Amino acid sequence: MNHAHTPTRHRLPGIFRLAALAASLTFGLAQADEYSDVNQLLRSGKLVEASAKADQYLAGKPRDPQMRFLKGVIQSESGKPTEAISTFTKLTEDFPELPEPYNNLAVLYAGQSQFDKARTALEMAIRTNPSYATAHENLGDVYAKLASQAYSKALQLDGSNTAVQPKLALIRDLFATPVAKGGKTPAPAAAAPAAETPPAATTQAPRTVAATPLPGAAETPAPAGNAAATTEVESAVRAWAAAWAAKDMNAYLAAYSPNFAVPAGQSRKAWEADRRARIVGKARISVKLDNLVVTTNGNNATAKFRQEYKADALELTNGKTLTLVKAGDRWQIVREVSGN
């Protein structure tokens, strides 16, 4: 919902990052009040009351994705990871276009050391939103955990293999408890904020990590650089959004450079086919850009904005950053990151 606070993120033992759905979906004011009430109960640690209020709401609107997401949070905080996993799993089945439930499923699985399941869930999150930076980061962490297990097994089978121990030590250092500036360990959060899934089956309290504000929220634009180039980039970005909304796939795909950073594990051809399937299959699409801030440096540019996306019954709002380069007389996208 548009007026929701910028979510705080938490870390499991290791460095797995959770996603919040509260800032991603847009709802009416009456519904927003209901969510706010449940969020407040969560922040106050009144889990029984929060659960009862969520259940009361869901009795009348059983398919509501936001309240179901909050229900999963309540279940997690109540020490019921199995129920939380079930809730998030059903959300992915009913709303497969939302990446956040997949991501939070992965974090819950990781908290139970089920890293193969975590990997599968994260791959689905990235397939749903290829520019979902948090899921890419988490997938890297999962691969590191799987590597740690493989190295440990190799060392167990052959203790004389001197090449394994340094690799294992390196990964263990990566997942060591983070230390804040000044050498102090960050204090654990007193309570999880709204629409955040707390870690499951952990012996250590989650640690807070400040979320990056959406572009335009108390943000001072950087110098625009060459005015003409800035205008050209703004036009290119808005043309990209218009082609997306019009489902003009030729213009939409042409907005991406041949050197575009395709999500890991996909070829350019597979990525384009996936985008076609997801865009052309929608009955209607609306893409609105707010707070567009462009910075240029020669033939390189960055565009940051708040994106409001609507497709059929789905409405999403999130920050996005596009990195563009100039090729001839055209500016094309080489990198796309959501959620910043």
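When reading the values below, keep in mind they use all heavy atoms of this one structure, side chains included, and skip hydrogens, waters and symmetry mates. Keep in mind that this is a model prediction, so the values were computed, not measured.
Ile279 and Met249 get closest at one heavy-atom pair: CG2-SD, 3.7 Å. Here the closest heavy-atom approach between residue Gln332 and residue Ala254 is recorded as NE2-O, 3.0 Å. When all heavy atoms are compared, the tightest approach of Ala84 to Gly72 is CB-O, 3.5 Å. Among all heavy-atom pairs drawn from Lys247 and Ala283, the shortest one is NZ-O, 3.5 Å. Of all heavy-atom pairs between Pro65 and Leu98, the closest is CB-CD1, 4.4 Å. A pairwise comparison of heavy atoms in Arg268 and Phe260 identifies NH1-CB, 3.6 Å as the closest pair.
Residues Leu146 and Asp116 are in side-chain contact: their nearest non-hydrogen atoms beyond the backbone lie under 4.5 Å apart. Counting heavy atoms from C-beta on, the side chains of Tyr309 and Ile285 come closer than 4.5 Å.
The number of heavy atoms from other shown groups lying within 6.0 Å of CZ (Arg127) does not exceed 12. Taking a 6.0 Å sphere around CZ of Arg335, one finds it holds 12 or fewer heavy atoms contributed by other residues, nucleotides or ligands. Atom CD of Glu97 is surrounded by more than 12 heavy atoms from other residues, nucleotides or ligands within 6.0 Å.
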Test side-chain contact (heavy atoms from CB on, under 4.5 Å) applied to Lys61 and Met67, step by step: CA-CA 9 Å; Lys61 299 179 180 179; Met67 193 61 77; over 6 Å; no
Derivation of the side-chain contact (heavy atoms from CB on, under 4.5 Å) call for Thr302 and Leu324: CA-CA 6 Å; Thr302 299; Leu324 302 94; over 6 Å; no
Evaluation steps, salt bridge (charged side-chain N to carboxylate O under 4.0 Å, His left out), between Arg238 and Glu234: CA-CA 6 Å; Arg238 294 194 184 281; Glu234 290 178 352; 5.8 Å; no
Ring pair (Phe, Tyr, Trp, His ring centres under 6.0 Å) evaluation trace for Tyr102 with Phe88: CA-CA 7 Å; Tyr102 287 114; Phe88 288 125; over 10 Å; no
Derivation and outcome, side-chain contact (heavy atoms from CB on, under 4.5 Å), residues Asp64 and Tyr57: CA-CA 9 Å; Asp64 184 281; Tyr57 181 94; 3.2 Å; yes
Intermediate values then yes/no, side-chain contact (heavy atoms from CB on, under 4.5 Å), Lys304 and Lys320: CA-CA 6 Å; Lys304 293 185 177 183; Lys320 180 166 284 189; over 6 Å; no
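We find the CG-NZ distance between Leu58 and Lys53 to be 12.0 Å, quoted to the nearest 0.5 Å. In this structure, CD on Glu49 lies 10.5 Å from CG on Leu42, to the nearest 0.5 angstrom. One distance of note links CG of Asp94 with OG1 of Thr89; it measures 11.0 Å at 0.5 Å rounding. To the nearest 0.5 angstrom, Glu272 atom CD is 10.0 Å from Lys269 atom NZ. Summarising the geometry, atom CZ belonging to Arg306 is positioned 10.5 Å from atom NZ belonging to Lys288; distances are rounded to the nearest 0.5 Å.
Cation-pi check for Arg276 over Trp271 is not met; the charged atom does not lie both under 6.0 angstrom from the ring centroid and within 45 degrees of its normal.
One hydrophobic cluster, built from ILVMFWY side chains closer than 4.5 Å, holds both Val287 and Val233. Under a hydrophobic clustering in which Ile, Leu, Val, Met, Phe, Trp and Tyr are joined whenever their side-chain heavy atoms come within less than 4.5 Å, directly or via other members, Ile333 and Phe305 fall into the same cluster. One hydrophobic cluster, built from ILVMFWY side chains closer than 4.5 Å, holds both Trp244 and Tyr256. By the rule that hydrophobic residues join a cluster once side-chain heavy atoms approach within less than 4.5 Å of another member, Val325 and Leu253 end up as members of separate clusters. Hydrophobic clustering places Leu289 together with Trp331 (ILVMFWY residues linked when any side-chain heavy atoms are closer than 4.5 Å, directly or through intermediates).
The side chain to side chain contact (heavy atoms under 4.5 Å, CB included) search around Ser286 returns Lys310, not counting sequence neighbours.
Distance alone, capped at 3.5 Å, places no donor-acceptor pair between the Ser86 side chain and the Thr82 backbone. The backbone N or O of Ala251 lies less than 3.5 Å from a partner atom in the side chain of Asp248, making a donor-acceptor pair. Within the 3.5 Å criterion, the main-chain N or O of Ala303 finds no donor-acceptor partner in the side chain of Thr321. Formation of a donor-acceptor pair under 3.5 Å by the His136 side chain with backbone atoms of Pro130 is found in this model. Looking at Asp274, its side chain never comes within 3.5 Å of a backbone N or O of Ala270 through a donor-acceptor pair.
Note on Asp141 versus Lys145: no salt bridge recorded, every NZ/NE/NH1/NH2 to OD/OE distance being 4.0 Å or above. Salt-bridge check for Arg330 with Glu232: failed, with every basic side-chain N at 4.0 Å or more from each acidic carboxylate O.
Between Trp240 and Tyr252, the angle of the ring planes stays under 30°, which puts this pair in the parallel group of the 30/60° scheme.
When each of Gln75, Lys71, Lys80, Arg68 is paired with Thr87, the side chain to side chain donor-acceptor pair (under 3.5 Å) condition holds for Gln75 and for no other.
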